[in-house]
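Some notes on the structure that comes next.
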Amino acid sequence: MSTVLNIQNLTKRYGSLTAVDSLDLDIERGQVYGILGPNGSGKTTTLGMVMDIIKPDAGDYNWFGGIAVKDARKRIGTLLETPNLYPYMNAVQNLKVIAHIKKVSDPDIDGLLKMVNLHQRRTAPFRAYSLGMRQRLAIAGAMIGDPDALIFDEPTNGLDPEGIAEVRDLIGRIADQGKTIIMASHILDEVEKICSHVAIIKNGQLLATGSVGAIMDSDITIEISAEDINALKYILEQDEHIGNISNIGQEKLSISLDNDYGTAYVNALAFRHNITLTHLVLKQKSLETEFLEITRNPQTKTY
Ligand SMILES: Nc1ncnc2c1ncn2[C@@H]1O[C@H](COP(=O)(O)OP(=O)(O)O)[C@@H](O)[C@H]1O
Ligand SMILES: [Mg+2]
């Protein structure tokens, strides 16, 4: 694996507010990396720092193993704020302007417009575009010069459901080309659907990192019951792989298990103690449940 972006102890203060607090991150090639956190958690500030727009107060970052920032920026396409494109120009003209600014001499404008599904509307002025079309054109602009990495800050903000679906689909297709994508979002569902990896931040602090699948799979929850629920509870309490045990009403228990242990393990455990289970259901946690737990219990977790 090769590291696209490494962030160490990155910190930004605004007066007494610490917007980004000793952040450490590693983003590897080919990952679709979500930076997930509520509004005001420091996502945009982090992206601003790694793009050399905002000066950190402490810490460091390096791109592509430590090449000069000036060179790194040529390999990164960004969509940081609401796209700033010329309203009276059409899609082709706008992309030509971006190519000129980026000093890309032979941009594949037709190919990019096809990729973002705007080829048929390429001669209509930008001002006539829907928000979703504008966002897609901006993404085409970010792709000019064939960057290795893309940074998208809240790419679906303000879009209607159809626009959101189109932008998500587009990001998925860009990821399929092998590009590394770093995406800030406050929308859990979006990160769960698009990203392979996630860093969860709150108040500028890293709360958890890992693959989206691992975060979803970790600490599996099982609902369980037996005729003698007290006997069952007793043996579960003695087991090292079983974490939280809580009652659901009078008849059922909810237990959490270490990653890699599942219903078969619990079943065998009960069997060994001659306890017949009357109920055994695996409840897979969504990233949302994890997110809520993590943000309530601020303690960095690595999955
Ligand atoms: N230029 C600034 N001056 C003062 N405070 C700022 C500035 N930019 C951001 N902040 C504050 O820093 C915190 C993080 O902001 P931001 O990075 O924009 O969060 P996010 O992108 O996660 O919504 C917020 O509390 C915000 O109000
Ligand atoms: Mg932001």
Side-chain angles (χ1 to χ4, degrees), residues 5-27 31-61 63 69 73 76-85 131-132 134-136 138-139 141-142 149-160 163-164 167-168 170-171 180-195 197-210 212 215 287-288 290-301:
L5 175 63
N6 166 265
I7 295 177
Q8 288 165 25
N9 189 39
L10 203 63
T11 301
K12 179 68 189 177
R13 294 184 205 95
Y14 290 112
S16 60
L17 174 91
T18 305
V20 176
D21 194 353
S22 313
L23 191 67
D24 294 315
L25 279 185
D26 267 305
I27 299 175
Q31 291 182 341
V32 182
Y33 206 102
I35 298 176
L36 174 66
N39 287 326
S41 55
K43 304 180 295 293
T44 299
T45 306
T46 300
L47 298 179
M49 286 191 282
V50 298
M51 285 314 292
D52 202 25
I53 297 165
I54 297 171
K55 196 179 167 320
D57 289 302
D60 219 341
Y61 62 89
W63 284 98
V69 176
R73 283 184 66 159
I76 308 162
T78 60
L79 185 66
L80 287 183
E81 294 293 322
T82 330
N84 223 344
L85 295 153
L131 270 182
R134 291 175 184 204
Q135 196 70 338
R136 270 152 43 221
I139 292 174
L150 289 134
I151 292 187
F152 297 135
D153 191 3
E154 307 270 8
T156 63
N157 246 11
L159 303 185
D160 61 15
I164 290 172
V167 166
R168 286 181 182 171
L170 175 57
I171 294 174
T180 306
I181 296 176
I182 304 168
M183 185 182 94
S185 176
H186 67 284
I187 307 164
L188 281 157
D189 174 59
E190 175 157 292
V191 169
E192 199 163 351
K193 287 199 173 109
I194 302 178
C195 297
H197 292 75
V198 61
I200 301 176
I201 64 170
K202 191 186 175 191
N203 297 329
Q205 292 179 335
L206 183 67
L207 300 182
T209 54
V212 169
I215 288 188
L287 189 54
E288 179 163 14
E290 279 290 300
F291 181 66
L292 290 173
E293 278 178 19
I294 289 164
T295 50
R296 269 191 224 115
N297 176 21
Q299 183 185 79
T300 306
K301 291 211 230 175

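Remember, predicted model here, so these are calculated numbers, not experimental data. We count ligands from 1, going down the list as the structure has it; atoms in each ligand are counted the same way. Both backbone and side-chain heavy atoms feed into the values below; hydrogens, waters and symmetry mates do not.
Closest to atom 11 (C) of ligand 1 among all protein heavy atoms lies L17 CD2, 3.5 Å. Among all non-hydrogen protein atoms, the one lying nearest atom 4 (C) of ligand 1 is Y14 CG, 3.4 Å. Closest to atom 24 (C) of ligand 1, if we only count protein heavy atoms, is G40 O, 3.7 Å. If you check which protein heavy atom lies closest to atom 18 (O) of ligand 1, you get T44 CB, 3.8 Å.
Atoms of ligand 1 lying under 4.0 Å from any heavy atom of N39, numbered from 1 in the order shown and given with element: 23 (O). Those atoms of ligand 1 with a heavy atom of S41 less than 4.0 angstrom away are 19 (O), 20 (P), 22 (O).
Distance check for N39 against the Mg ion (ligand 2): none of its N/O/S atoms falls below 2.8 Å.
Q205 and D21 share a donor-acceptor pair across their side chains, judged by distance under 3.5 Å alone.
Under the 4.0 angstrom criterion, atom 27 (O) of ligand 1 counts as lacking any protein heavy-atom contact.
For a threshold of 3.5 Å applied to N or O pairs, the pair formed by K43 and ligand 1 contains at least one separation below that value.
In this structure, the side chain of K202 does not engage the main chain of L207 through any donor-acceptor pair within 3.5 Å.
Ligand 1 is approached by G42 to a heavy-atom distance shorter than 4.0 Å.
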Tabulate below the donor-acceptor pairs under 3.5 Å that side-chain atoms of residues 47-55 make, not counting sequence neighbours, or state none.
none

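Remark: among candidates V20, I201, T45, the nearest residue to atom 17 (O) of ligand 1 is T45, based on non-hydrogen atoms.
Residue-level proximity to ligand 1 for P38 is carried by the backbone, the only part with a heavy atom below 4.0 angstrom.
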